[in-house]
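Numbering of residues begins at 1 and proceeds along the displayed sequence.
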Amino acid sequence: SQEKAEVQDTIRPVKVVEIGQAQNSRELAYSGSVRARTEMNLGFRISGKVTQRLVDIGQHVTTGDVLARIDSTDYELSVKSAKASLDAAERQVETVDLTRKRAEQLYAKNFTSKSQLEQATLSYNQAVASRDAARSTLSQAQNQVVYTDLKASENGIVTAVSADVGQVVGAGTPVMTVAVDGDKEVLIAVPEMDIAAFKPGKDVTASFWSDDALKLSGKVREVAGSADQQSRTFAVRVSLPNDHRVLLGMTATIEADVNNDNSYVSIPLTALAEKDGKQMVWTVDRDTAMVHGRDIKVADFTGDGVHVTEGLDSGDLVVAAGTQFMS
């Protein structure tokens, strides 16, 4: 049934909106944190007890800076032991060398057999091999003393400390995390219904909670090949241009436009009504000032209204407030 918007006993004014041009794209927005493109987990190459930690979280480090140390006592003792072994091996070489030369002289004068000369030569070669092995052992022991210092391999900012003074750490155990200077990116989590819209190379816009005026153009760099087991979302990394105002850990919102298969028009949430279990709106006939109910198909709800894909056209007048008085 249809009825005039103005009822005889009570005049009930209603607010109307005119439907604008249909849109065929929608905007997606996801928040994430700014992080370095490369983060390095640094650990000692040998095991031991941490004796010094020389940097704190947030500190900037440069290549070669010592970040932490472990107890070097045992490794220095190993160097002394290896040096003594090398000295002994060199003395052994000198001794068997004299024996070999003496055997060569006696063999030349036919005073000894060839087998005795061969035995002396073999002993000399074995002593030389033992000396070379002792040299390698010494070099290895000296390297391990150097490894008691954990050094920064790149310029960056310390973002995490995983071990402190007094703790015994194994070889390779992460002790610190350094965010390498250079490119920054935003890591966002995108649900599977929207992941098709995020392809590597797609242009997006990044805005920042800390600075409303700061907006940067970014590019999708990497999309995870599988969803996270718990959240069922895909990790998407967005590259940002270099800007001194962007700091690690800032919260950023990534906005992307997505083309829809169906075009849609927007109406206020207050315009949406329901009749017989179906979603509908009230439209106004411009000539007769009469209202008519019209079934619609809703695509989705947004922060500022409702997206409608079927039932409304550009130029239609829709009752935006006062729908409770319609029948």
Enquirer: Please give me the minimum heavy-atom distance between Lys49 and Gly166, naming the atom from each residue.
Expert: CE-O, 3.7 Å

Enquirer: What is the distance from atom OG1 of Thr251 to atom CZ of Phe208, rounded to the nearest 0.5 Å?
Expert: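 Those atoms lie 10.0 Å apart.
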
Enquirer: When rounded to the nearest 0.5 angstrom, what is the spacing between CD in Glu39 and CD1 in Ile157?
Expert: 10.5 Å

Enquirer: Are Ile195 and Ile188 linked, directly or through intermediate hydrophobic residues, by side-chain heavy-atom contacts shorter than 4.5 Å (ILVMFWY only)?
Expert: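 Shared cluster, yes.
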
Enquirer: Restricting to non-hydrogen atoms, name the atom on Ala171 and the atom on Arg45 that form the minimum distance, rounded to 0.1 Å.
Expert: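 Minimum heavy-atom separation between Ala171 and Arg45: CB-O, 3.6 Å.
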
Enquirer: Using atom types as modelled and distance alone, determine if a side-chain donor or acceptor of Ser81 lies under 3.5 Å from a backbone N or O of Leu77.
Expert: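 Pair absent, no side-chain N/O of Ser81 close to backbone of Leu77.
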
Enquirer: Decide yes or no on side chain to side chain contact (heavy atoms under 4.5 Å, CB included) for Arg69 and Thr148, but give the supporting numbers first.
Expert: CA-CA 6 Å; Arg69 286 193 174 98; Thr148 59; 5.9 Å; no

Enquirer: Is any NZ, NE, NH1 or NH2 atom of the basic residue among Glu104 and Lys101 found under 4.0 Å from an Asp or Glu carboxylate oxygen of the other?
Expert: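 Judged by the 4.0 Å cut-off on N to carboxylate O distance, Glu104 and Lys101 do not form a salt bridge.
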
Enquirer: Taking the side chain as every heavy atom from C-beta outward, state whether Ser239 and Asp183 have any pair of such atoms under 4.5 Å apart.
Expert: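 No, too far: nothing below the 4.5 Å cut-off.
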
Enquirer: Using the rule that Ile, Leu, Val, Met, Phe, Trp and Tyr join whenever any side-chain heavy atoms are under 4.5 Å apart, tell me whether Tyr124 and Leu117 fall into a single cluster.
Expert: no

Enquirer: Might you work through the side chain to side chain contact (heavy atoms under 4.5 Å, CB included) test for Thr177 and Asn41, ending with a clear yes or no?
Expert: CA-CA 4 Å; Thr177 303; Asn41 289 321; 2.8 Å; yes

Enquirer: Same cluster or not: Leu247 versus Val186, using hydrophobic residues (I, L, V, M, F, W, Y) connected whenever any side-chain heavy atoms lie under 4.5 Å apart?
Expert: yes

Enquirer: Checking side chain to side chain contact (heavy atoms under 4.5 Å, CB included) for the pair Leu86/Arg131: CA distance, chi angles, key distance, verdict?
Expert: CA-CA 6 Å; Leu86 178 59; Arg131 180 198 63 192; 4.0 Å; yes

Enquirer: Testing the basics here: between Ala36 and Leu248, what is the closest heavy-atom pair and its distance to 0.1 Å?
Expert: N-CD2, 3.5 Å

Enquirer: Check whether more than 12 heavy atoms from other residues, nucleotides or ligands sit under 6.0 Å from atom CD of Glu192, and answer yes or no.
Expert: no

Enquirer: Do you know which two heavy atoms are closest between Ser162 and Gln167, and how far apart they sit?
Expert: O-NE2, 4.0 Å

Enquirer: State, yes or no, whether a side-chain contact exists between Met40 and Ser153 at a heavy-atom distance under 4.5 Å.
Expert: yes

Enquirer: Around atom CD of Gln140, are there more than 12 heavy atoms of other residues, nucleotides or ligands at under 6.0 Å?
Expert: no

Enquirer: Check the surroundings of atom NZ in Lys83: do more than 12 heavy atoms from other residues, nucleotides or ligands lie under 6.0 Å from it?
Expert: no

Enquirer: Evaluate the side-chain proximity of Arg37 to Arg237: yes if any heavy-atom separation is below 4.5 Å, no if none is.
Expert: no

Enquirer: For Arg53, is there an ion pair with Asp164 - N to carboxylate O distance below 4.0 angstrom?
Expert: yes

Enquirer: About how many Å separate OG of Ser47 and OH of Tyr75, when rounded to the nearest 0.5 Å?
Expert: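 Output value for this atom pair is 4.0 Å.
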
Enquirer: Mind listing the closest non-hydrogen atom pair of Ser207 and Glu255 along with its distance?
Expert: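 In this case the closest contact between Ser207 and Glu255 is OG-OE2, 4.2 Å.
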
Enquirer: To the nearest 0.5 Å, what is the distance between CG (Asp203) and CG (Asp257)?
Expert: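 Separation between the atoms: 10.5 Å.
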
Enquirer: I need the single residue from Val146, Val145, Leu138 that forms a side chain to side chain contact (heavy atoms under 4.5 Å, CB included) with Gln142. Which is it?
Expert: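 By the side chain to side chain contact (heavy atoms under 4.5 Å, CB included) criterion, Gln142 pairs with just one of Val146, Val145, Leu138: Leu138.
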
Enquirer: Do Phe198 and Phe234 belong together in a cluster built from hydrophobic side chains that touch within less than 4.5 Å?
Expert: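 Same cluster: Phe198 reaches Phe234 through Ile, Leu, Val, Met, Phe, Trp or Tyr contacts under 4.5 Å.
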
Enquirer: For Asn155 and Thr63, which I'm curious about, is there any donor-acceptor pair between the side chains at under 3.5 Å?
Expert: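 Yes, side-chain donor-acceptor contact under 3.5 Å.
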
Enquirer: Charged N to carboxylate O below 4.0 Å: is that the case for Lys151 and Asp65?
Expert: no

Enquirer: To the nearest 0.5 Å, what is the distance between CG on Leu240 and CD1 on Ile254?
Expert: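 Between Leu240 CG and Ile254 CD1, I get 6.0 Å after rounding to 0.5 Å.
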
Enquirer: With clusters defined by side-chain heavy atoms of hydrophobic residues (ILVMFWY) lying less than 4.5 Å apart, directly or transitively, does Leu28 cluster with Leu187?
Expert: no

Enquirer: Between Val190 and Val223, does a side chain to side chain contact (heavy atoms under 4.5 Å, CB included) hold up when you go through it step by step?
Expert: CA-CA 10 Å; Val190 179; Val223 178; over 6 Å; no

Enquirer: Within the distance-only criterion (no hydrogens, no angle test), does the side chain of Gln105 pair as donor or acceptor with the backbone N or O of Arg102 below 3.5 angstrom?
Expert: no

Enquirer: Using 0.5 Å steps for rounding, measure from the CD atom of Glu185 to the OG1 atom of Thr38.
Expert: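 Reported to 0.5 Å precision, the distance equals 8.0 Å.
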
Enquirer: Could you tell me whether the side chain of Lys184 and the main chain of Asp243 form a donor-acceptor pair under 3.5 Å?
Expert: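 Not a single qualifying donor-acceptor pair exists.
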
Enquirer: Tell me, do Ile70 and Val50 make a side-chain contact under 4.5 Å, heavy atoms counted?
Expert: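 In short, these two side chains touch, coming nearer than 4.5 Å.
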
Enquirer: Does anything in residues 111-127 pair up under salt bridge (Lys or Arg N to Asp or Glu O under 4.0 Å), and if so which pairs, sequence neighbours excluded?
Expert: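 For residues 111-127: none.
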
Enquirer: Between Ser139 and Arg135, is there a donor-acceptor pair closer than 3.5 Å when you use the side chain of the first and the backbone of the second?
Expert: yes

Enquirer: Restricting to non-hydrogen atoms, name the atom on Phe44 and the atom on Val169 that form the minimum distance, rounded to 0.1 Å.
Expert: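 So the two residues come closest at CD1-CG2, 3.9 Å.
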
